[in-house]
Amino acid sequence: MSVRVRFAPSPTGYLHIGGARTALFNWLFAQHHGGQFILRIEDTDQKRTIPGAMDDIMDSLRWLGITWDEGPDVGGDYGPYIQSERVELYQKWAQWLLDNGHAYKCFATAEELDKMRAYQKANNLPLGYDRRYRDTPADEVARLEAEGRPYVIRFKMPLDGQTVLPDVIRGDITFDNDQLNDLVLLKADGFPTYHLANVIDDHFMKITHIMRADEWINTGPLHVNIYNAFGWDHPVYAHLPVVLSPSGKGKLSKRDQAFQEDGQQILVQVKEFRKAGFLNKAVVNFLTNVGWSFGDDREQFTPEESIPRFKMADINPAPTKLPYSKLFWLNSQYLNTMDETALAQALRPYLDDAGYEINMDALITIVPALKPRLKTFPDALEFLQFLDDDAAEPLTIDHLQHKKMPLENAKPAFEQTYELLKTIEPFALDTIQEKMFALGEQSTLNSKAGPYLGTLRFAITRQKVSPPLFESIIVLGRAHTLNRLEQALALFNETD
RNA sequence: GCCCCAUUCGUCUAGUGGCCUAGGACGUAGCCCUCUCAAGGCUAAAACAGGGGUUCGAGUCCCCUAUGGGGCACCA
């Protein structure tokens, strides 16, 4: 039998990084076995569904390269793949459970249940539905129904014994049935809860393995019992460790929008990672390393490389914080493998937004210098700040000399450099570099170009931190470079 | 309160009873390189939560405690 897995998000928010990890692991597992990966939308909570969430989920998955074989947009043999379009099916099977004594109608109102819970809390009693309608006689049920009282359908959990939830990652998990309660299967509005819809869909969609977040462990016994009631085999379960918030306590929530101690922003939604300038393959690599490891002490790899190695049982069961600093590192590694043109094109939109006008040739010239300095695309902006005259740091005579290039050497060096850059043809990286190095070696006491290049770099870029001198000159252009040099020459003259 | 899950350097992890003097990576620090900042190279500090067992031998198995997390919804 071929492996079939699913990712089943509810469209109550945009795709979350934790959800993406779950999707990714399912996808890797499916690829490993040459099976199918199904996308199913669980929109049974009408109130919480957000317009646009489903599109965002699909866009984000596609961006990550997680493709599905069956789903709402591509169809498949077991559709529809949106639960709100399958309501009749759930109702039919809820009725079957009712008819076969595995479920019952509960007429308790929301207020009534709130009161019950408040009482339980106040008296330190076990929390949860007290089964007040489980044994209501049939004629009484009929009477309440005839009155038009709204009701839900609840599952009749076994009252004693144990239920075992086998989990590939953690081994068998055993629950005492007297700890479990009768959860709702079908809500008063006729929509199913997760528990019912999930079991029915997984069964009819022939899902073989379920990999889901570990917050589902506690409802696992319910699901096992529902499968038993139907007389169906349940899929193989694997509960993935939760993703914790890096700063505070608790799990990383969709709303987490803070900064962690070191000042790095906590990105949560996939689209935020995208917008912040991360490469999809870096994000995928990063996520694959959280809760699973490649082995052989390797951190960097592609899905093609991890798929043959990906085994469900190797997943680490411990909860985890996302190591964001590794994402920055990985991103810079991947950035470094991009060719000049591709990187220049990727940078373009960020530069346009910031109002930097740089022609493509100049940009391609400086890209190799930028490359090792970037962790993400937007980092380029701070290295190109030298283009902006308003950002120029104040220039003093001290900036123009060096102990290996005192004033009497510096002044002629600057003057010659000015003449050189004014007349050099072509105004290109290699020619400028060659001439300036030669000039630099003649101008210093130690015959090394270093001191000369350093002082010029500051005089021309007017930034303590900038890209290397020659690339900066090219991007700045001849006129602008000469203009900056004139300011330096003026300082020399004032000092005379 | 009850139930369930987890616990190796700051963080992500390797480790499935002897190969562990606990390995790698990020981050941090230092050095080298160097026109600044990076990148790159080298080096360093840094962990088996605690206590009991089992065993010739325990990071690895069992129990207890502690801590963290999850659940106890007509949310998923």
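Here is the naming used below: chain letters follow the sequence lines, and residue numbers restart at 1 for every chain. Since we're looking at a predicted model, the values are computed, not measured.
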| said: Please verify the inter-ring angle class for A/Phe273 with A/Tyr324; under 30° counts as parallel, over 60° as perpendicular, anything in between as tilted. | reply: parallel
Close N/O contacts between protein and nucleotides 44-51 of chain B (under 3.5 Å):
none

| said: Is it the case that B/G70 (base atoms only) and A/Asn218 (side chain only) share a donor and an acceptor within less than 3.5 Å, ignoring hydrogens and angles? | reply: yes
| message | Can you tell me if A/Ser325 touches the phosphate of B/U11, counting only side-chain N or O atoms and a distance under 4.0 Å to OP1 or OP2? | response | no
| With a non-hydrogen cut-off below 4.0 angstrom, is A/Pro317 in contact with a base, only sugar-phosphate, or nothing? | sugar-phosphate
| query | Does a sphere of radius 6.0 Å around CD in A/Glu147 hold more than 12 heavy atoms from other residues, nucleotides or ligands, not counting ones at 6.0 Å or beyond? | reply | yes
| B/A25 to B/G18 separation - C1' atoms, rounded to the nearest Å | 28 Å
| message | Heavy atoms only, 4.0 Å cut-off, all strands: where does A/Gly440 land among base, sugar-phosphate and nothing? | response | nothing
| said: What contact category does A/Arg170 fall into here, base, sugar-phosphate, or nothing, at under 4.0 angstrom with non-hydrogen atoms? | reply: sugar-phosphate
| said: Work out how far the P atom of B/A46 is from that of B/G40, and round it to whole angstrom. | reply: 25 Å
| message | If I take atom CG in residue A/Asp296 and atom P in nucleotide B/A25, what distance separates them, rounded to the nearest angstrom? | response | 13 Å
| query | What orientation do A/His239 and A/Tyr237 show, parallel under 30°, tilted 30 to 60°, or perpendicular over 60°? | reply | parallel
| remark: Here the distance between atom C1' of B/U13 and atom CG of A/Leu330, to the nearest Å, is 13 Å
| request: In whole angstrom, give me the gap between the C1' atoms of B/U55 and B/C62. | output: 12 Å
| message | Reading RNA chain B from 5' onward, which residue's closest nucleotide shows up sooner: A/Asp176 or A/Arg457? | response | A/Asp176
| query | Looking at A/Ile366, A/Leu335, A/Asn336, which one forms a side-chain contact (heavy atoms from CB on, under 4.5 Å) with A/Lys371? | reply | A/Asn336
| task | Name the nucleic acid region contacted by A/Phe470, choosing base, sugar-phosphate or nothing; use a 4.0 angstrom heavy-atom cut-off, strictly under. | result | base
| said: Under a 4.0 Å threshold between the charged nitrogen and the carboxylate oxygen, would A/Arg40 count as salt-bridged to A/Asp202? | reply: yes
| request: Name the nucleic acid region contacted by A/Pro372, choosing base, sugar-phosphate or nothing; use a 4.0 angstrom heavy-atom cut-off, strictly under. | output: base
| said: What contact category does A/Ile173 fall into here, base, sugar-phosphate, or nothing, at under 4.0 angstrom with non-hydrogen atoms? | reply: sugar-phosphate
| query | What integer number of Å spans the P atoms of B/G23 and B/A49? | reply | 16 Å
| request: Would you classify A/Gln333 as touching base, sugar-phosphate or nothing, given that sugar-phosphate means primed atoms plus P, OP1 and OP2, and contacts are heavy atoms under 4.0 Å? | output: sugar-phosphate
| said: Need one value for A/Asn336: base, sugar-phosphate or nothing, where a base atom within 4.0 Å counts as base even if backbone is also close, heavy atoms only. | reply: nothing
| If we take the C1' atom in both B/C19 and B/U34, what is their distance in whole Å? | 43 Å
| query | Have A/Ser84 and A/Asp43 got a donor and an acceptor in their side chains that come within less than 3.5 Å? | reply | yes
| What is the distance from CZ of A/Phe294 to P of B/C12, rounded to the nearest Å? | 21 Å
| task | Look only at the side chain of A/Asp189 and the backbone of A/Asp45, and say whether a donor-acceptor pair between them is shorter than 3.5 Å. | result | no
All N/O contacts under 3.5 Å from nucleotides 73-76 of chain B to the protein, with atom names and distances to one decimal?
unit_1, atom_1, unit_2, atom_2, d
B/C74, OP2, A/Arg154, NH2, 3.0
B/C74, O2, A/Ala188, N, 2.9
B/C74, N4, A/Ala108, O, 3.0
B/C75, OP2, A/Lys187, NZ, 3.0
B/C75, O2', A/Asp45, OD2, 3.0
B/C75, O2', A/Arg48, NE, 3.1
B/C75, O2', A/Arg48, NH2, 2.6
B/C75, O2, A/Arg48, NH2, 3.4
B/A76, OP1, A/Thr44, OG1, 2.9
B/A76, OP1, A/Lys187, NZ, 2.7
B/A76, OP2, A/Tyr194, N, 3.2
B/A76, O3', A/Glu42, OE1, 3.3
B/A76, O2', A/Ser10, OG, 3.1

| Does NZ or CZ of A/Lys105 come closer than 6.0 Å to the centre of the six-membered ring of A/Tyr151, within 45° of the ring's axis? | yes
| Distance-only polar pair, side chains of A/Thr431 and A/Glu434, donor-acceptor under 3.5 Å | no
| C1' spacing across the pair B/C32 / B/A39, given as an integer number of angstrom | 14 Å
| said: Would you measure the distance from the C1' atom in B/C75 across to the matching atom in B/U16 and give it in whole Å? | reply: 38 Å
| Rounded distance (Å) that lies between atom C1' of B/G24 and atom CD of A/Glu299 | 6 Å
| query | Which value, in whole Å, describes the distance between the P atoms of nucleotides B/G68 and B/U8? | reply | 14 Å
| message | Looking at B/C12, I'd like to know if its phosphate oxygens (OP1 or OP2) sit under 4.0 Å from a side-chain N or O belonging to A/Thr320. | response | yes
| field | Atom CG of A/Asn123 with >12 non-hydrogen neighbours under 6.0 angstrom | value | yes
| query | Could A/Arg154 and A/Tyr129 be counted as a cation-pi pair, given that NZ or CZ must be under 6.0 Å from the ring centre and within 45° of the axis? | reply | yes
| With a 4.0 Å cut-off on heavy atoms, is A/Phe383 in touch with a base, just the backbone sugar-phosphate, or nothing at all? | base
| said: If you assign each of A/Glu471 and A/Ser293 to its closest nucleotide in RNA chain B, which residue comes earlier from the 5' end? | reply: A/Ser293
| message | At 4.0 Å (heavy atoms only), tell me whether A/Pro241 reaches a base, stays on the sugar-phosphate, or touches nothing. | response | nothing
